[in-house]
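Only one structure is covered here, and it is reproduced in the block below.
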Amino acid sequence: MSQRPNVPHSSSIAFGLHSHLLIFFESAAMGVKGFVEGGIASIVAGCSTHPLDLIKVRMQLQGESHVPNPAVQTLRPALAFQTTTTTTSSAIHMPPPPARVGPVATGIKIFRTEGVAALFSGVSATVLRQTLYSTTRMGLYDILKQKWTDKETKTMPLSRKITAGLIAGGIGAAVGNPADVAMVRMQADGRLPVSQRRNYTSVVDAITRMTKQEGVTSLWRGSSLTVNRAMLVTASQLASYDQIKEMILENGLMKDGLGTHVAASFSAGFVAAVASNPVDVIKTRVMNMKVEAGQKPPYAGALDCAIKTVKAEGPMALYKGFIPTISRQGPFTVVLFVTLEQVRKLLKDF
């Protein structure tokens with residue numbers, strides 16, 4: 001007697017399909033949730049620390065226009081005492097390098113010469129940048145973290161955290177580069193002579209005019225630097241925060257609360273500032289350079305900018321704006337992660 005083939009009951013198929021769909025939608029919801037949480041926290045942090053970021057940009061551009069006189073610099077010692085009138089006068093009357101101004105003095109100068117509103121120049125670009133860049137990087141990092149975390153120990157090795165940060169930061173920067181270029185230009189505009197200012201009214205105006213006047217590719221000017229910086233910042237910032245937070249909790253130094261979040265986030269901010277400042281200086285200068293039609297641009301690229309900066313101003317020029325960078329990166333990272341932890345608590349049931 002032949003046996004009847006074992007055919008699954010329709011209710012079993014429906015139940016299995018329902019289970020798979022439920023798992024899929026739960027995973028998708030968790031993924032979207034990470035983007036939303038990271039986006040909210042990033043926008044709050046970006047807007048609250050915007051004046052510090054503006055001061056950092058202004059300081060990074062200090063001394064950029066000062067280029068040593070080539071005629072004087074290339075004189076050999078044996079020719080230093082030539083009696084040619086032109087050479088002597090140029091050597092004697094060569095203008096001294098501009099004095100470097102600290103973050104407090106830079107902030108006061110902006111306030112006095114441009115008004116208090118100038119401290120928030122480009123804040124619309126900051127909002128767009130955080131919406132595009134930080135939302136993407138935070139969401140992707142959260143997805144990778146969920147996939148790569150050990151299910152049993154609930155931990156992820158530092159190497160994987162760094163890798164997740166590098167991937168998430170790179171993709172986020174590529175998405176947000178147009179807003180980044182607009183933000184740098186809007187923040188730097190006030191330092192230019194009135195006749196040379198771009199006077200963008202908003203981030204939309206900046207992106208529109210750049211596209212019309214300089215082409216669509218100008219929106220991704222310095223993108224390689226932006227991606228490199230974002231990879232360094234995200235890897236050092238997010239990986240450091242998770243690692244330091246785990247160490248504090250594992251060693252029983254503090255409980256999982258505000259104190260732990262502040263300590264871990266400020267430490268992560270310091271690590272990110274040290275790692276990213278040189279790339280940030282070059283990025284700022286390349287994005288801010290003014291390219292005239294038919295004329296050679298000030299910098300041929302990132303490497304050219306780095307070489308010219310070091311030659312003209314010395315190696316430490318790559319750490320210009322470090323004090324405001326850490327002054328901004330510290331509070332930014334603290335606000336970012338403290339806000340993120342609170343948003344996670346609010347949305348835990350969603």
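Just so you know, these numbers use all the heavy atoms, side chains as well, and skip hydrogens, waters and symmetry mates. Sequence positions, counted from 1, serve as the residue numbers for this chain.
- Applying the side-chain contact (heavy atoms from CB on, under 4.5 Å) criterion to M231, with sequence neighbours excluded, gives L166, V227.
- A search for salt bridge (Lys or Arg N to Asp or Glu O under 4.0 Å) contacts involving D189 returns nothing, not counting sequence neighbours.
- In this structure, the side-chain contact (heavy atoms from CB on, under 4.5 Å) partners of A302, at least two apart in sequence or on a different chain, are L225, I282.
- Comment: D280 engages K283 in a salt bridge, judged by a side-chain N to carboxylate O separation of less than 4.0 angstrom.
- Within the structure, every pair that satisfies the salt bridge (Lys or Arg N to Asp or Glu O under 4.0 Å) test and touches residues 159-173, not counting sequence neighbours, is listed here: K161-E246.
- Annotation: side-chain hydrogen bond (donor to acceptor under 3.5 Å, both in side chains) contacts of T226 (sequence neighbours excluded): N177.
- Hydrophobic cluster membership for V281: none, as no Ile, Leu, Val, Met, Phe, Trp or Tyr side chain comes under 4.5 Å of it.
- Considering only residues two or more places apart in sequence or on other chains, Y133 meets the ring-ring contact (aromatic ring centres under 6.0 Å, His included) condition with none of them.
- Applying the salt bridge (Lys or Arg N to Asp or Glu O under 4.0 Å) test to residues at least two apart or on different chains, none of the pairs has a partner in residues 162-179.
- Scanning for side-chain contact (heavy atoms from CB on, under 4.5 Å) contacts around K308 gives Y299, D304, with sequence neighbours left out.
- With sequence neighbours left out, the ring-ring contact (aromatic ring centres under 6.0 Å, His included) criterion links F322 to Y319.
- For T155, the side-chain contact (heavy atoms from CB on, under 4.5 Å) partners two or more places apart in sequence, or in a different chain, are T153.
- Residues satisfying the side-chain hydrogen bond (donor to acceptor under 3.5 Å, both in side chains) test with Q237, not counting sequence neighbours, are R137, Q329, T333.
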